[in-house]
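Have a look at the structure below before the remarks.
Side-chain atoms are counted along with the backbone in the values below, which use heavy atoms only and exclude waters and symmetry mates. Each chain gets a letter, A, B and so on, in the order the sequences are listed, and its residues count up from 1.
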There are 2 protein chains.
Amino acid sequence: MGVTIKDIAKESGVSITTVSRVLNDKPDVSSKTKEKVKEVIDRLGYKPSGVARGLVLQKTYTIGLIIPDISNPFFPEVARGIEDKAKEMDYSVIFCNTDNDHLAEKEAIKLMKSKQVDGILLSLSIENKEELKKLEEDDFPVVQIDRKVPNSELPSVTIDNVLSAYNATEHLIQLGHTQIVHITGDLGTKTAQDRLKGFKKAINGSEISYKEEWILEGDYSKESGYNLMKSLLKEPPQPTAIFAANDLMAIGAYGAAYDLGLEIPEDISIVGHDDIDIASVIRPGLTTMVQPKYELGKKAAEILIDELERKNIDKKDEILQPKLIERDSTRECSDNV
Amino acid sequence: MGVTIKDIAKESGVSITTVSRVLNDKPDVSSKTKEKVKEVIDRLGYKPSGVARGLVLQKTYTIGLIIPDISNPFFPEVARGIEDKAKEMDYSVIFCNTDNDHLAEKEAIKLMKSKQVDGILLSLSIENKEELKKLEEDDFPVVQIDRKVPNSELPSVTIDNVLSAYNATEHLIQLGHTQIVHITGDLGTKTAQDRLKGFKKAINGSEISYKEEWILEGDYSKESGYNLMKSLLKEPPQPTAIFAANDLMAIGAYGAAYDLGLEIPEDISIVGHDDIDIASVIRPGLTTMVQPKYELGKKAAEILIDELERKNIDKKDEILQPKLIERDSTRECSDNV
DNA sequence: ATGAAAGCGCTAACAC
DNA sequence: GTGTTAGCGCTTTCAT
């Protein structure tokens, strides 16, 4: 440390208590001394030590962010939402990547505790219940983001993948499509399962009869979208619309359609999910579901900080709704015209 | 705090000094007591307070990361490189977005100082010399990332945009192209200026005569790439190759070429810069220069931490080289065949 | 090999 | 309105 509260006290001829008082805008300081102390603080360029303050207050004004991977395109915006909210409330954020590794998650939590963050925002692998349970028992302030560990009491902010897929499919149905295939994501993930669920729900809620063979299991990769579509389109009956569980597979489907001489959206409509950069750049623009990533981060930080400041007792789950963005890859089904 | 060093001392019947010794693996502790203390630590689930430790040691094992915007696609990978290296060296990172705003940058630095980070990694707006100068005077450990404030002594890790553009252009020249246009980025940025410089250098170092009219000033947007190419291609003489200062403009150029019935790469070769996601997804795949973003972060963290641990006295500038990734948007110039 | 005591920079009773 | 004092949880001389 350079200059400390002691230096300020000595230089301004008062006690450190008084300095502390003006630092924290406490009452009972004459305006004269307040002025003097402030002047000295400015002159000496004094900055209170957050560490010392943290020790006595048992509060660091820091929150921990534990995510799988900041370089996964989903998280940067989430992180931005978190940091914006945190800054607004005078907190800072310390982050850590886990790559969904159990041990890394455990270590990250340990680290955050030793750094004495006031609370944690985390996205744990679904199976890592133990760590979350411990946090719960310790009454440590936590908000789960994006993924909610099943049966956990801790509040969460997630995205409604069921409804999102439902809406995407419903959009196709509204356009008059009746021959709709769904390319799923990796069904080992909850997200893919939920999107499939939403798709089924939309189909079953319509006049359309559900066909098992029009559920194609992909793995979120462009290649899987391409290959699945290619083999599907080779022979009739041909669908008039596709709902892919993510944009990458939708792009793969574009490629297959082109290779087979099909025009988008004239011959086939395609809707994706996520709204990655590419969706707006590719031609035709991909109709897709955009996830409120920034809002997700912001909301999670808000819930956590509200809890920290005891503004909010009822911890709750927040479920955010993706929005459809219509571009040029979908249009009315021509079979019905 | 839950359980503290005092509790461990009491429970194991030793002094806190002894506990501290086993905590820090100091010598002069009998293996018996060491065992006992360790057992108690485990049993009580004790974790040393980083804050208290930080106060006495005047070291927090935390580094600050100040960047314009984590949701700008350039930074997440940089941040990942930083966090990986930091974790490896037992540091954590606390981050802050500034949106290139001077005031926000100033506040961020202030914040980092009050949190008492051991050092700062930052990417300041080029004009914000004052803040950097202050840091320099204070001898505060800092490494600049991506952008180096001119005339600053503080070490930096940057990407060599001149050489990168040179190599991109050289690639086109090697392929036999002699009619090459360059679509620049926003020339208000150093990056765009450097890439233009590299382009000129390659042209001037070749047999090709430099043509001012084949420098097209864009603004990094897809639209600018599209518009510039469209008006250029309308009338002869037509270039056989394009080097766009970023991928987005290259994609725009794709659109213009298609609209005018030109095939890529048969009629015209295109190389971009950055290797954004889209570059590998689009057809034909875009030949481009990939920036070592992860390495940039990792190297910057390494230099900073080396300085913190006094392993490295000579603070130096590190300049990383982008690599060419050849896909399908470039080929030999057919005019020369 | 172990412990007592001082102190890191700050806040918060409690006095005056 | 201001100062004294006792910690916050830890490391580190300095004794023993």
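OP1 or OP2 of dG3(C) sits under 4.0 Å from a side-chain N or O of S15(B). Listed pair S20(A) / dT11(C) meets the phosphate criterion, a side-chain N or O lying under 4.0 Å from OP1 or OP2. Within the 4.0 Å cut-off from OP1 or OP2 of dT2(C), at least one side-chain nitrogen or oxygen of T33(B) is found. Of the side-chain N and O atoms in Q58(A), none sit less than 4.0 angstrom from OP1 or OP2 of dT11(C). For K26(B), a side-chain nitrogen or oxygen approaches OP1 or OP2 of dT12(D) to under 4.0 Å. Residue K6(A) places at least one side-chain N or O under 4.0 Å from the OP1 or OP2 atom of dC8(C). Checking the phosphate oxygens (OP1, OP2) of dA1(C), no side-chain nitrogen or oxygen of R21(B) falls inside 4.0 Å. Regarding contacts with the backbone of dT2(C), a side-chain N or O of S30(B) is found under 4.0 angstrom from either OP1 or OP2. Look at T18(A) and you'll find a side-chain N or O under 4.0 angstrom from OP1 or OP2 of dG3(D).
Distance OH (Y61(B)) to P (dC10(D)): 16 Å, rounded to an integer number of Å. Remark: P of dA1(C) and NZ of K34(B) are 10 Å apart, rounded to the nearest angstrom. To the nearest angstrom, P of dT12(D) lies 13 Å from CG of L55(B). Rounded to an integer number of Å, the gap from CG of L57(B) to P of dA6(C) is 20 Å. Between Y46(B) atom OH and dC10(D) atom P the separation is 3 Å, expressed in whole Å. One can place NZ of K59(B) at 17 Å from C1' of dC10(D), the figure rounded to the nearest angstrom. R53(B) has its CZ atom 18 Å from the C1' atom of dG9(C), to the nearest Å. Between I16(A) atom CD1 and dC8(D) atom C1' there is a gap of 14 Å when expressed in whole angstrom units.
Each of V19(A) and V29(B) was matched to the nucleotide of DNA chain C holding its nearest heavy atom; the match closer to the 5' end belongs to V29(B). Mapped onto DNA chain C by nearest heavy atom, G13(B) and Q116(B) fall at different nucleotides, with G13(B) at the one closer to the 5' end.
Ion pairing of D84(A) with K298(A) is absent here, as no side-chain N (NZ or NE/NH1/NH2) approaches a carboxylate O to less than 4.0 Å.
Using a 4.0 Å heavy-atom criterion, one finds that T17(A) contacts the bases of the nucleic acid, with or without backbone contacts as well. Contact annotation for V14(A): backbone-only contact, meaning every heavy-atom pair under 4.0 Å involves sugar-phosphate atoms and none involves a base. Heavy atoms of P48(B) sit under 4.0 angstrom from primed sugar atoms or phosphate atoms, though from no base atom.
Out of dG9(C), dC10(D), dT11(D), the shortest distance to the side chain of T4(A) is found at dG9(C).
Without hydrogens or angle criteria, E77(B) side chain to F74(B) main chain gives no donor-acceptor distance under 3.5 Å. With hydrogens and angles ignored, the 3.5 Å screen pairs a side-chain donor or acceptor of T60(A) with a backbone N or O of Q116(A).
V14(B) has its side chain out of reach of I8(B): every pair of non-hydrogen atoms, C-beta onward, lies at least 4.5 Å apart. Residues T62(A) and V93(A) fail the side-chain proximity criterion, which asks for heavy atoms closer than 4.5 Å.
A donor and an acceptor atom, one from each side chain of T33(B) and S30(B), are located under 3.5 Å apart.
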